[in-house]
Amino acid sequence: MELRQLTYFVAVAEELHFGRAAGRLHIVQSAVSQQIQRLERELGAELFDRSPRRVRLTAAGERLLPEARAVLTAAERARAAVAPPAGLRIGTSTGLGAHLDRVLAAFAARDPDVPVELFSLPAGERLAGVAAGRLDAAFVRAAEPPPGVRVLPLWPDPLVAALPATHPLAARPEVALADLAELPLALTSRRNNPALVDLLVGACHAAGFEPRPGPVGGSLQDTLATIGSRPLWTVVFASHARVLHTPRVAYVPFRAPGLALPTGLAVPAADPTPHLEKLLLACGDHEG
């Protein structure tokens, strides 16, 4: 029994027509018929009822069909397991800043010929993409992985306060959360980033105040532009703040112990591909 014979059998079983199956397989009809006949002789059973008007599966053919599909699926998985992927598809988000640059540089040094595609997506879509195989890996923060995905810890990402550059607090070397109690907080909706919102609101409660609600929604650039023109504050990842150019906004570290979210790399739970192994090593290079 050959994989080719099972491929031809499944095509005829799905088309119920030898000519259409041959067209789908891009071969001549006689080749399909010959291989099906050889398969039937080897199995000792007729797989199709043939008539001038129509083709039907026999009882033996109906029993073989799911088994043949399973064999072909297993064969495809075996091929995929040993074939190196064409490149890496990585889910990202805003705020990775210099971390992402250094990881990509370390990966390029290890595997310079492998193309990398970056996809900026919400956290839920990044995790779903890894689970479904649409992404090879994704950077996530404080995320609960779905089945089939594991999150490898990478580094803590400290947060800094973003304030109007003209505000008195902007001149300080560090700021306590309680110092911000009177300023409205511009923060994304919880559904967009539950880990960040829960961390910040919980820290404000621990500091003894309920944050005053400011504008919700819009991009980070929009929020920073608003902060530059009115007394508001928000938080930005320190790694991202280093590459943001907003002269009307100041970025001030929080007083120790500060605020931070853990960043990890979401990857399939199965053994990593060679390219993904090198990405993990690149993340380790970055940490070093």
Side-chain angles (χ1 to χ4, degrees), residues 1-91 107 110-119 121 125-138 145-150 265-281:
M1 186 185 305
E2 301 176 5
L3 289 176
R4 175 179 57 169
Q5 292 171 338
L6 293 178
T7 300
Y8 293 3
F9 163 72
V10 170
V12 176
E14 291 176 348
E15 298 291 343
L16 293 179
H17 192 282
F18 279 81
R20 288 197 297 269
R24 169 173 150 184
L25 296 165
H26 305 291
I27 57 175
V28 297
Q29 181 175 336
S30 59
V32 176
S33 299
Q34 289 170 6
Q35 292 301 322
I36 295 295
Q37 289 168 3
R38 288 178 184 175
L39 181 60
E40 288 175 325
R41 285 197 298 269
E42 182 176 345
L43 296 176
E46 288 191 355
L47 302 174
F48 296 100
D49 284 331
R50 302 165 175 85
S51 74
R53 294 187 177 182
R54 66 178 184 174
V55 174
R56 293 184 299 176
L57 282 167
T58 63
E62 289 177 351
R63 292 194 296 272
L64 177 61
L65 182 57
E67 302 298 334
R69 285 173 171 154
V71 170
L72 294 175
T73 299
E76 185 59 35
R77 286 177 180 165
R79 292 189 192 99
V82 298
L88 272 182
R89 301 157 298 172
I90 304 174
F107 177 78
R110 288 180 174 274
D111 221 340
D113 297 326
V114 176
V116 175
E117 289 185 90
L118 301 179
F119 298 87
L121 300 165
E125 291 184 31
R126 274 176 272 150
L127 290 167
V130 174
R134 295 188 298 271
L135 295 175
D136 299 297
V149 176
R150 56 188 175 132
L265 190 69
V267 298
D271 291 337
T273 63
H275 292 337
L276 187 51
E277 283 184 344
K278 291 180 180 178
L279 178 63
L280 295 175
L281 291 172

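No experiment lies behind these values; they were computed from the predicted model shown.
- Here the shortest heavy-atom pairing between Val114 and Gly87 reads CG1-CA, 3.7 Å.
- Between the CG atom in Leu88 and the CG atom in Leu276 there is a gap of 6.5 Å [rounded to 0.5 Å].
- In this structure, Glu40 and Ile36 have side chains that are in contact, with non-hydrogen atoms separated by less than 4.5 Å.
- The backbone N or O of Gly133 sits less than 3.5 Å from a side-chain atom of Arg89, completing a donor-acceptor pair.
- For the ring pair (Phe, Tyr, Trp, His ring centres under 6.0 Å) test, residues two or more places apart in sequence or in another chain that qualify with Phe48 are Phe9, Phe18.
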Between Arg38 and Glu2, is the side chain to side chain contact (heavy atoms under 4.5 Å, CB included) condition met? List the steps.
CA-CA 10 Å; Arg38 288 178 184 175; Glu2 301 176 5; over 6 Å; no
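- Rounding to the nearest 0.5 Å gives a distance of 10.0 Å between CD of Glu46 and CD of Gln37.
- Here CG of Leu280 is found 7.5 Å from CD of Glu277. Values are rounded to the nearest 0.5 Å.
- Of all heavy-atom pairs spanning Ala137 and Val267, the tightest one is CB-CG1, 4.1 Å.
- Proximity of Asp136 to Ile90: side-chain heavy atoms (C-beta onward) are nowhere separated by under 4.5 Å.
- Side-chain contact between Leu279 and Leu265 is present, with heavy atoms from C-beta onward closer than 4.5 Å.
- What you find for Val130 and Val149 is that their closest heavy atoms are CG1-CG2, 3.9 Å.
- Taking all atoms of both residues into account, the shortest heavy-atom contact from Leu135 to Arg126 is CD1-O, 3.7 Å.
- Minimum heavy-atom separation, Ala131 to Pro146: CB-CG, 4.2 Å.
- Across Val10 and Ala68, no two heavy atoms sit closer than the pair CG2-CB, 3.8 Å.
- Side-chain atoms of Arg150 and Pro145, non-hydrogen and from C-beta on, never get closer than 4.5 Å to each other.
- Two residues are said to be in side-chain contact when any heavy atoms from C-beta on lie closer than 4.5 Å; Ile27 and Tyr8 meet this criterion.
- Between Leu57 atom CG and Arg63 atom CZ the span is 11.0 Å, to the nearest 0.5 Å.
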Under the criterion side chain to side chain contact (heavy atoms under 4.5 Å, CB included), I'd like the reasoning laid out for Leu281 against Arg110: C-alpha separation, chi angles, the key distance, then a yes or no.
CA-CA 9 Å; Leu281 291 172; Arg110 288 180 174 274; 3.6 Å; yes
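- In this structure, CG in Leu65 is found 10.0 Å from CG in Leu47, a value given to the nearest 0.5 Å.
- Salt bridge present: Glu14 and Arg24 bring a charged side-chain N and a carboxylate O closer than 4.0 Å.
- Applying the side chain to side chain contact (heavy atoms under 4.5 Å, CB included) test to Leu16 and every residue at least two apart in sequence or in another chain returns nothing.
- Here the CG atom belonging to Leu64 is positioned 10.5 Å from the CZ atom belonging to Arg69, to the nearest 0.5 angstrom.
- Proximity of a side-chain donor or acceptor of Arg20 to a complementary backbone N or O of Glu15 within less than 3.5 Å is detected.
- Inter-residue side-chain proximity for Leu43 and Met1 is flagged as met; some heavy-atom pair is nearer than 4.5 Å.
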